[in-house]
Number of protein chains: 2
Amino acid sequence: MKVLIVEDDPLHRSYLHEAVRAALPECDTVLEAENGHAGEVQARQSRAEHVVMDLQMSERNGIEAARTIWRERPDTKILFWSNYSDEAYVRGVARIVPEGATYGYVLKSTSDERLKLALRGVFIESQCVIDREVRGIQQKSLGTAHGLSDAEYEILVDVALGLTDKAIAQRKKLSLRSVQNRLQQLYEKLDVYDEPGNGPEGWYNLRMRAVAVALLRKVLNASALERGERELRSARGN
Amino acid sequence: MKVLIVEDDPLHRSYLHEAVRAALPECDTVLEAENGHAGEVQARQSRAEHVVMDLQMSERNGIEAARTIWRERPDTKILFWSNYSDEAYVRGVARIVPEGATYGYVLKSTSDERLKLALRGVFIESQCVIDREVRGIQQKSLGTAHGLSDAEYEILVDVALGLTDKAIAQRKKLSLRSVQNRLQQLYEKLDVYDEPGNGPEGWYNLRMRAVAVALLRKVLNASALERGERELRSARGN
DNA sequence: TCTTGTCTTGCGGGAATCCGCAAATTTTGC
DNA sequence: GCAAAATTTGCGGATTCCCGCAAGACAAGA
C-alpha cells in the first residue's frame, strides 16, 4: 500500500509522514510532494491510491490538484488536511468529489488520535471522515436561512470577479433581469442592507458590500477567486 | 534576556522554540503564546522586549497584536515570521512600526541559518532584517508604476468594504469628485480597463474589478479587510 | 512674480446599478 | 392532469457610478 503526501510546509510534511507510519503499518511506501502540481505528477507516476492533501498551497492548491487526480482515477481516496474550514474550501471540495468517492476532511488542529482515526477510516475502511467543525460548516451552508444555493454562489463568484450584470447574463445564459433577481436574493441572504438609524442610508454599494461580507464570513476566499478567474480566462480564450 | 513566541501552529511553535534556544544562548527564558490576544497579555505581564510573531493567526492576527505591544512599549524588538509576503501584510506591518523601532520580517520558508541570523540581528544587534523577497515586495509597492500611494490604498480599502463614493467622501473629508478621481487612478494602476478586442467592452464593473485584481495580486487580503471593517465599525459607533 | 505641476472641486451626461410591478414560463406537489 | 409555487423575463424609473472638461487651490522652482 502506497500513500502520497501533498503538503508544502516541511514541518507539517514530516509530521504527517510520522503519523502515516504510525497509523498505517500496512503501508510500505510513503511519497511526498511539496505542492499541488508536483502532487499531480507523483500521483500519476506512482499510481498511489491514497493521498493526504493540504488545501492552501502556493503553485497549485489542493482543490485543483485533487480534481485532476480524481479525474484520472476517481477511486483514489483523498484525505484533506487543512488549517481552515472556510465555507469556500468546504464548498470547493464538495464540488469536485466524484460520485461515490471516499474522502475525508480534517483540520490541522485535531489531535494525533483523531488524525490517526481519519487515516484508517478513509484509507482502510473506505469511510468518509469529516471533522466535526467542518461538518458544521457544511450544514450551515445548506441551511436555507443564510446558506447560499449553488446558483447564488455562482453569481457571487462572477460578481466578485468584477463582471457586469450584462456579462454575467451572457455567461450564464440568463436575462439581465434574472441576474439582478439573483443578486437581490444575495443581498438579502448576506444582509447587506444598512438598517435605518445606523447613519444615513446609502452608505453601501450593495454589489461591493455583498462581496466584502462574503469575504469576511469566509463564504468566499482568495482561493475561490483564483479558481473563478482561471475559469473565466479559459472560457474567454476558447 | 526573555523571548516571547507568538504562533498558533504547535509544530511551528516548537520549531521556533528550538531555533531561539540554538541561536540565542544569552536567552534564559522562552515564553509562548498561541494567538495574538494571548501574546499581548503575555508581553504585558512578562515585559518581554523580544518577540517573534506570526502574522495570520485566528483570534487576533499578528499585526493587531504587534500594534498594541508597540503602543505600550515602542522599543520592543519584533521579528515577524510569516508564511507569505503579501503586499497587504508588508504594508500592514510598515503602517504600525513606530519611529526608530527595530524589527524584522522573514518568511517561514527561509533556511535555519537565515532565521538564526535574523534572530541575532534583530534581538542582539538591533538591526532591521528584512528577507530578500519581502524587500522586493516593499520596493515594488513604492514604485510609482504599479505601486499605490497611501491615499490610493486607503480608498481601495474603503471601496472594498463596500462603501459608496459619497460615504467615502464624507469619511475622508473630500468632495465626491475627488474620491472619483482617486478611483480612476486606481483603475489605471490596477489596469482594470478591458482592452478592446478581448470580447465586447463593458465586461467589467470597474469598481468591483479593481478589488478583485487587488485581491488576486495580494495587494489586499482578508486580513486587511478585517482590519478595515473593524476601523469602520469603531468609527461608526463613536 | 510668473510658471509649472499636482491636487481638488463643480458640472453635466452616458451607462450601469438597484428594484417595484406584472406577465410569461417552468417546476413542484398532489 | 392541474393548481400552487417558484423562476424567469420585460418595462420603467430613481439612483449611483464613470469620466471628460474646465476652473480654482496650493506648493515648488526659476
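For the numbers below, each heavy atom of this structure counts, side chains included, while hydrogens, waters and symmetry mates do not. Each chain gets a letter, A, B and so on, in the order its sequence line appears, and its residues count up from 1.
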Would you tabulate the nitrogen or oxygen pairs shorter than 3.5 Å linking the protein to nucleotides 17-19 of chain C?
from   : atom 1 : to       : atom 2 : distance (Å)
C:dT17 : OP1    : A:Asp165 : N      : 3.0
C:dT17 : OP1    : A:Arg207 : NH2    : 3.4
C:dC18 : OP2    : A:Tyr187 : OH     : 2.2
C:dC19 : OP2    : A:Tyr193 : OH     : 3.3
C:dC19 : N4     : A:Arg177 : NE     : 3.4
C:dC19 : N4     : A:Gln180 : OE1    : 3.1

Please determine if a side-chain N or O atom of A:Arg182 lies less than 4.0 Å away from the OP1 or OP2 oxygen of D:dT7.
-> no
Please state how far atom CD in A:Glu152 lies from atom P in D:dA6, giving the value in whole angstrom units.
-> 14 Å
Which whole-number value in Å describes the distance from B:Ile168 CD1 to C:dT8 P?
-> 14 Å
All N/O contacts under 3.5 Å from nucleotides 23-29 of chain C to the protein, with atom names and distances to one decimal?
none

Below 4.0 angstrom from OP1 or OP2 of D:dT9, is there any side-chain N or O of A:Ser178?
-> yes
Exceeds 12 heavy-atom contacts within 6.0 angstrom, atom CZ of B:Arg132 | no
Within less than 4.0 Å of OP1 or OP2 of C:dT9, is there a side-chain N or O belonging to B:Ser175?
-> yes
Is a donor on one side and an acceptor on the other found under 3.5 Å between the side chain of B:Asn221 and the backbone of B:Ala88?
-> no
Quick one: B:Trp203 CH2 to C:dA16 P, roughly how many Å, whole number?
-> 13 Å
Should the heavy atoms of other residues, nucleotides or ligands under 6.0 Å from CD of A:Glu133 be counted, would the total exceed 12?
-> no
Nearest-Å distance for atom pair CD/P, residues B:Gln185 and D:dG20 = 13 Å
Sub-3.5 Å donor-acceptor pair from the side chain of B:Arg209 to the main-chain atoms of A:Leu161, do we have one?
-> yes
Salt-bridge present (B:Lys218, A:Glu226; N to O < 4.0 Å) = yes
Pairing of B:Glu229 and B:Arg233 as salt bridge, 4.0 angstrom limit = yes
Rounded (10°) bend between the five-pair end axes of the helix from C:dT1-D:dA30 to C:dC30-D:dG1 = 40°
Should A:Gln185 and A:Arg182 be marked as a side chain to side chain donor-acceptor pair (under 3.5 Å) after you check the CA-CA gap, both sets of side-chain angles, and the distance that decides it?
-> CA-CA 5 Å; A:Gln185 296 169 212; A:Arg182 292 249 233 289; over 6 Å; no
Is A:Glu49 salt-bridged to A:Arg73, cutoff N-O under 4.0 Å?
-> yes
Whole-Å gap separating C1' (D:dG10) and CG (A:Leu174) = 14 Å
So does A:Glu154 pair up with A:Arg95, basic N to acidic O under 4.0 Å?
-> yes
Measuring from B:Ile155:CD1 to B:Arg171:CZ, what's the distance to the nearest 0.5 Å?
-> 10.0 Å
Taking atom P of D:dC11 as reference, at what distance in whole Å does atom CG of A:Asn181 sit?
-> 15 Å
Evaluate the ring planes of A:Trp70 and A:Tyr103, with Trp represented by its six-membered ring, and classify them as parallel (under 30°), tilted (30 to 60°) or perpendicular (over 60°).
-> perpendicular
